[in-house]
Amino acid sequence: MVDSQNIPRHVAIIMDGNGRWAKQKGFPRTYGHKVGTENVRKIVKYCSKRGIEYLTVYAFSTENFKRPADEVGALMKLLVEYFNKETQELKENGVRLNVIGDISTFSPVVQEAIQNGIEKTKDCTKLIFTIALAYGARAELVRAFKNMIADSVQDITEEIVSKYLYTFDLPDPDLIIRTSGEERLSNFLLYQAAYSEFYFTNVHWPDFDENEFEKALEEFARRIRRFGGV
Ligand code: IPE
Ligand code: IPE
Ligand code: MG
């Protein structure tokens, strides 16, 4: 087990492979999303246990709206269920729910469930659990530029750009994990990932358990981060 000094402060996960996992087992894709959502619960607990301060998960991208309406609908339903069912326990465990992305594109019922979860857990500090919803890094950057213009920001610096992103109150991710074999960012945290370590695994998200997570932490502990230095 990796010792606590070598634990990343911020882990971000591209939770991919729910559909393929389900297909392999002869189930509809939406069943994969259901089991994938259950896995989120386990991984949040494990992050708390391992002393990770920030966990960010990519749950729904701006591009995922292109999927068939019944799949998008099933994902929205799972989202509402997740927020309604988990908020209380997250709060008891000191987990603050946070969302990045443009959820104004979601229906009022979904938005309400999300806002309620954020509000109820706002004073928690043990783990900041951020869910990327209707999130796309390019859209995030465009929004930042527009807001900087609207605020008449004169002297744009890297720090100011960071403050205009959805992630303004989060440190950059130290480790980005992507499950299910694809090795790409798919429009996730482009600006913030400048010096992140990447960990790719063929394991599909519903099967990515504590043991698999620990393997990613072990790999991270072996990496030497230079940030451009020597
Ligand atoms: C990830 O699983 C969850 C979402 C993108 C919502 P996928 O649904 O992308 O699963 P695959 O990649 O098709 O297997
Ligand atoms: C990335 O997965 C988005 C999420 C995990 C929410 P996708 O399945 O949408 O990515 P692509 O289409 O394979 O790039
Ligand atoms: Mg996918």
Side-chain angles (χ1 to χ4, degrees), residues 1-16 18 30-60 74-104 106-135 166-177 179 188-189 192 203 205-217 220:
M1 212 161 160
V2 177
D3 68 72
S4 56
Q5 295 125 273
N6 289 319
I7 292 287
R9 189 167 176 225
H10 183 179
V11 178
I13 308 179
I14 303 171
M15 310 184 291
D16 199 15
N18 291 347
T30 48
Y31 181 69
H33 294 315
K34 184 175 179 285
V35 180
T37 308
E38 284 158 14
N39 197 41
V40 170
R41 184 198 163 104
K42 257 197 274 172
I43 293 300
V44 170
K45 275 210 168 143
Y46 194 66
C47 283
S48 271
K49 187 175 149 198
R50 297 301 272 116
I52 289 161
E53 291 173 65
Y54 297 87
L55 170 68
T56 299
V57 299
Y58 202 8
F60 193 85
L75 284 165
M76 292 302 133
K77 198 165 160 247
L78 282 169
L79 201 59
V80 172
E81 275 171 24
Y82 180 83
F83 275 84
N84 289 346
K85 266 204 262 170
E86 301 294 320
T87 296
Q88 189 53 34
E89 196 183 326
L90 290 170
K91 186 177 173 182
E92 281 159 20
N93 294 326
V95 181
R96 175 155 80 82
L97 277 164
N98 181 42
V99 164
I100 56 172
D102 182 13
I103 60 162
S104 71
F106 289 172
S107 77
V109 182
V110 182
Q111 287 186 51
E112 208 180 295
I114 295 169
Q115 290 304 353
N116 180 47
I118 294 173
E119 176 58 31
K120 285 215 167 113
T121 59
K122 69 175 184 335
D123 296 325
C124 298
T125 54
K126 187 166 193 285
L127 171 68
I128 311 304
F129 175 41
T130 301
I131 311 182
L133 293 169
Y135 174 87
Y166 288 123
T167 51
F168 67 93
D169 56 351
L170 308 176
D172 287 340
D174 300 293
L175 171 64
I176 297 182
I177 296 170
T179 59
F188 189 47
L189 304 178
Q192 301 87 335
V203 175
W205 174 249
D207 287 333
F208 188 83
D209 57 10
E210 292 91 340
N211 193 31
E212 293 296 333
F213 195 96
E214 194 61 33
K215 284 189 208 166
L217 294 180
F220 177 81

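Since this is a predicted model, take the numbers as computed values, not measurements.
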Next on the checklist: Would Val110 and Ile103 count as a side chain to side chain contact (heavy atoms under 4.5 Å, CB included) here? Give the steps.
Outcome noted: CA-CA 9 Å; Val110 182; Ile103 60 162; over 6 Å; no
Quick one, Val57 with Phe129, criterion side chain to side chain contact (heavy atoms under 4.5 Å, CB included). Give me CA distance, side-chain angles, the key distance, then yes/no. CA-CA 8 Å; Val57 299; Phe129 175 41; 3.7 Å; yes
Run the side chain to side chain contact (heavy atoms under 4.5 Å, CB included) test on Val80 and Lys77 for me, step by step, so that the C-alpha distance in whole Å, both residues' side-chain angles and the decisive distance to 0.1 Å come before the verdict.
CA-CA 5 Å; Val80 172; Lys77 198 165 160 247; 6.0 Å; no
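Contact of the Asn39 side chain with the Phe208 side chain is registered, since non-hydrogen atoms from C-beta on lie closer than 4.5 Å. A heavy-atom distance below 4.5 Å is found between the side chains of Thr179 and Asp16. Residues Ile52 and Leu217 form a side-chain contact, since some pair of their non-hydrogen atoms from C-beta on lies under 4.5 Å apart. Trp205 places a side-chain heavy atom less than 4.5 Å from the side chain of Ile43. Between Arg9 and Pro171 the shortest side-chain heavy-atom distance falls below 4.5 Å. Two residues are said to be in side-chain contact when any heavy atoms from C-beta on lie closer than 4.5 Å; Cys124 and Leu90 fail this criterion. The side-chain heavy atoms of Leu79 and Phe60, taken from C-beta on, include no pair separated by under 4.5 Å. Side chains of Thr56 and Thr167 form no contact here, defined as non-hydrogen atoms less than 4.5 Å apart.
The two residues Asn84 and Ala113 come nearest to each other via the heavy atoms OD1-CB, 3.8 Å. Considering all non-hydrogen atoms of both residues, Ala216 and Leu175 come closest at O-CD2, 4.2 Å. Between Gln111 and Phe106, the closest heavy-atom pair is NE2-O, 2.6 Å. Here the closest non-hydrogen pair linking Arg96 and Lys122 is CD-O, 3.3 Å. The shortest non-hydrogen separation linking Val95 to Ser48 is CG2-OG, 4.2 Å. Closest non-hydrogen pair, Gly36 versus Asn18, comes out as CA-OD1, 3.9 Å.
At distances below 3.5 Å, not a single donor-acceptor pair connects side-chain atoms of Asn93 with backbone N or O atoms of Lys45. Looking only at distances, no side-chain donor or acceptor of Tyr166 sits under 3.5 Å from a matching main-chain atom of Ala132. Looking at Thr121, its side chain never comes within 3.5 Å of a backbone N or O of Lys91 through a donor-acceptor pair. Formation of a donor-acceptor pair under 3.5 Å by the Asp102 side chain with backbone atoms of Ala134 is not found in this model. Distance alone, capped at 3.5 Å, is enough to place a donor-acceptor pair between the Arg50 side chain and the Val2 backbone.
Atom CD of Glu112 has 12 or fewer neighbouring heavy atoms from other residues, nucleotides or ligands inside a 6.0 Å radius.
Partner Leu189 forms a side chain to side chain contact (heavy atoms under 4.5 Å, CB included) with one of Ile100, Ile14, Asp172 and no other, that one being Ile100. The side chain to side chain contact (heavy atoms under 4.5 Å, CB included) test with Asn98 singles out one residue from Ile118, Thr130, Leu55, and that residue is Thr130.
Between Glu38 and Lys42, none of the side-chain N atoms (NZ, or NE/NH1/NH2) sits under 4.0 Å from a carboxylate O, so this pair counts as no salt bridge. At a threshold of 4.0 Å, the pair Arg41-Glu89 counts as salt-bridged, since one of the basic side-chain nitrogens sits closer than that to a carboxylate oxygen.
Ring geometry for His10 against Tyr54 counts as tilted: the plane angle lies between 30° and 60°, on a 0 to 90° scale.
How far NZ of Lys120 is from CG of Leu97: 11.5 Å, rounded to the nearest 0.5 Å. Summarising the geometry, atom OH belonging to Tyr82 is positioned 8.0 Å from atom OG1 belonging to Thr87; distances are rounded to the nearest 0.5 Å. One distance of note links OG1 of Thr37 with CD of Glu86; it measures 9.5 Å at 0.5 Å rounding.
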